[in-house]
There are 2 protein chains.
Amino acid sequence: MKIPVPGQPVRGSKTGQPIMALLDLLGRSWAMGIIWHLYSGPSTFRDLQEYCESISPNTLNTRLKELRECHLITRTMDGYSLTEYGVELFELLRPMGSWARHSWAKSFENDNQT
Amino acid sequence: MKIPVPGQPVRGSKTGQPIMALLDLLGRSWAMGIIWHLYSGPSTFRDLQEYCESISPNTLNTRLKELRECHLITRTMDGYSLTEYGVELFELLRPMGSWARHSWAKSFENDNQT
DNA sequence: AGCTTTGCTATTAAAATTATAGCATCATGA
DNA sequence: TCATGATGCTATAATTTTAATAGCAAAGCT
């Protein structure tokens with residue numbers, strides 16, 4: 001799968017608008033989950049595999065490569081880890097956690113209606 | 001594809017933590033793109049098809065169903081439109097636009113090094 | 001030297017996505 | 001009233017992603 005880079009054609013934008021490149025990148029399976037997880041600290045490949053219960057090593061490796069080429073994660077002696085950019089992005093993602101829990105999840109409470 | 005609902009097992013969480021359900025939902029092709037686009041106003045099915053250059057009607061329809069069941073979009077007389085929740089979510093997504101443009105995209109400028 | 005952990009590759013199967021054609025419904029206008 | 005066009009899809013088949021599983025090479029104990 002082609003790695004989405006700002007300035008190059010990506011899913012959703014022929015001119016590669018940065019936001020579209022980002023949405024393309026993050027809209028791949030496990031991409032956001034990996035970032036979410038790494039915020040709590042560096043992880044080895046096997047740790048990530050375990051965390052992402054159903055990911056295959058191929059997909060994990062592909063995703064890690066993409067995120068590395070896009071400067072969001074890097075390899076350290078402790079394993080994979082967020083870069084400065086990765087942390088910035090996580091901080092934009094973080095509010096989604098409380099919103100999901102406190103606002104969005106509530107909207108499902110009455111779903112068993114007629 | 002199973003629709004991710006908070007409280008039910010989803011990709012990344014057997015107990016269905018809301019954030020994991022949300023990341024599962026948004027990590028599907030075009031999901032965030034659709035939300036991003038609809039913020040600028042309601043769109044017909046065909047409009048969305050055109051906007052998402054390479055989406056197939058099957059996928060678009062699947063995605064629309066998912067987003068509807070998850071209360072993020074709804075159908076109005078003007079076409080598909082964000083719900084209150086959809087708007088809230090967009091507002092969490094929005095900062096990613098300027099971050100992608102002003103911060104992240106810059107990180108690619110020196111990529112043609114050795 | 002053996003055993004374990006780690007990061008991955010290889011292979012195959014299943015699932016998601018695309019590409020394309022086209023249908024049924026509705027509104028408009030001649 | 002009949003054609004015309006727009007709309008919201010469905011059907012089908014091809015292609016691409018992802019998952020599932022096995023296992024190997026390198027490195028680090030003991």
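This one's a predicted model, so the numbers in the text were calculated from it and none came from an experiment. In what follows, chains carry the letters A, B, and so on, assigned in the order in which the sequence lines appear, proteins first and then strands, with residues in each chain numbered from 1.
With a 6.0 Å radius and a threshold of 12 heavy atoms from other residues, nucleotides or ligands, B:E84 has its CD atom at or below the threshold.
A straight line from CH2 of A:W30 to P of C:dA15 spans 17 Å, rounded to a whole angstrom. Remark: P of D:dA19 and CG of A:L48 are 14 Å apart, rounded to the nearest angstrom. The CZ-C1' distance, from B:F45 to C:dC23, rounds to 14 Å in whole Å. The nearest whole Å value for the distance from the CG atom in A:D78 to the C1' atom in C:dT6 is 14 Å. Put simply, CG on A:L60 is 15 Å from C1' on D:dT21, counting in whole angstrom units. Separating the CG atom of B:D24 from the C1' atom of D:dT18 is a distance of 13 Å, rounded to the nearest angstrom. In this structure, A:D47 atom CG and C:dC8 atom P are separated by 13 Å, rounded to whole Å. If you take NZ of B:K65 and P of D:dG8, they are 15 Å apart, rounded to a whole angstrom.
Here the nucleotide nearest the side chain of A:P57, chosen from D:dT18, C:dT18, C:dT9, is C:dT9. Here the side chain of B:I55 is nearest to one of C:dT18, C:dT9, C:dC8, namely C:dT18. Relative to the side chain of B:Y80, the nucleotides D:dC9, D:dT18, C:dT18 differ in distance, and D:dC9 lies closest. Nearest to the side chain of A:R75, among C:dG7, C:dT9, C:dA19, sits C:dG7. Among the nucleotides D:dT17, C:dT17, C:dT18, the one closest to the side chain of B:S56 is C:dT18. The side chain of A:T44 lies closest to C:dG7, out of D:dA19, C:dG7, D:dG8.
Residue A:S29 places at least one side-chain N or O closer than 4.0 Å to OP1 or OP2 of D:dT18. Distances shown here put a side-chain N or O of B:R63 below 4.0 Å from the OP1 or OP2 atom of C:dT17. The phosphate of C:dT9 has OP1 or OP2 within less than 4.0 Å of a side-chain N or O from A:N61.
Comparing B:T62 and B:R46 by the nucleotide of DNA chain C that holds the closest heavy atom to each, the one mapping nearer the 5' end is B:T62.
Applying the 3.5 Å distance criterion, the base of C:dT20 shares no donor-acceptor pair with the side chain of B:N58.
Salt bridge annotation for A:K106-A:E109: absent, with no cationic side-chain nitrogen under 4.0 angstrom from a carboxylate oxygen. Between A:R63 and A:E66 there is a salt bridge, with a side-chain nitrogen of the basic residue lying less than 4.0 Å from a carboxylate oxygen of the acidic one.
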Worksheet item: Run the side-chain contact (heavy atoms from CB on, under 4.5 Å) check on B:R68 and B:Y80 step by step: do they pass?
Response: CA-CA 9 Å; B:R68 270 202 284 174; B:Y80 290 96; 4.0 Å; yes
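Smallest separation of non-hydrogen atoms from A:S43 and A:H37: OG-NE2, 3.1 Å.
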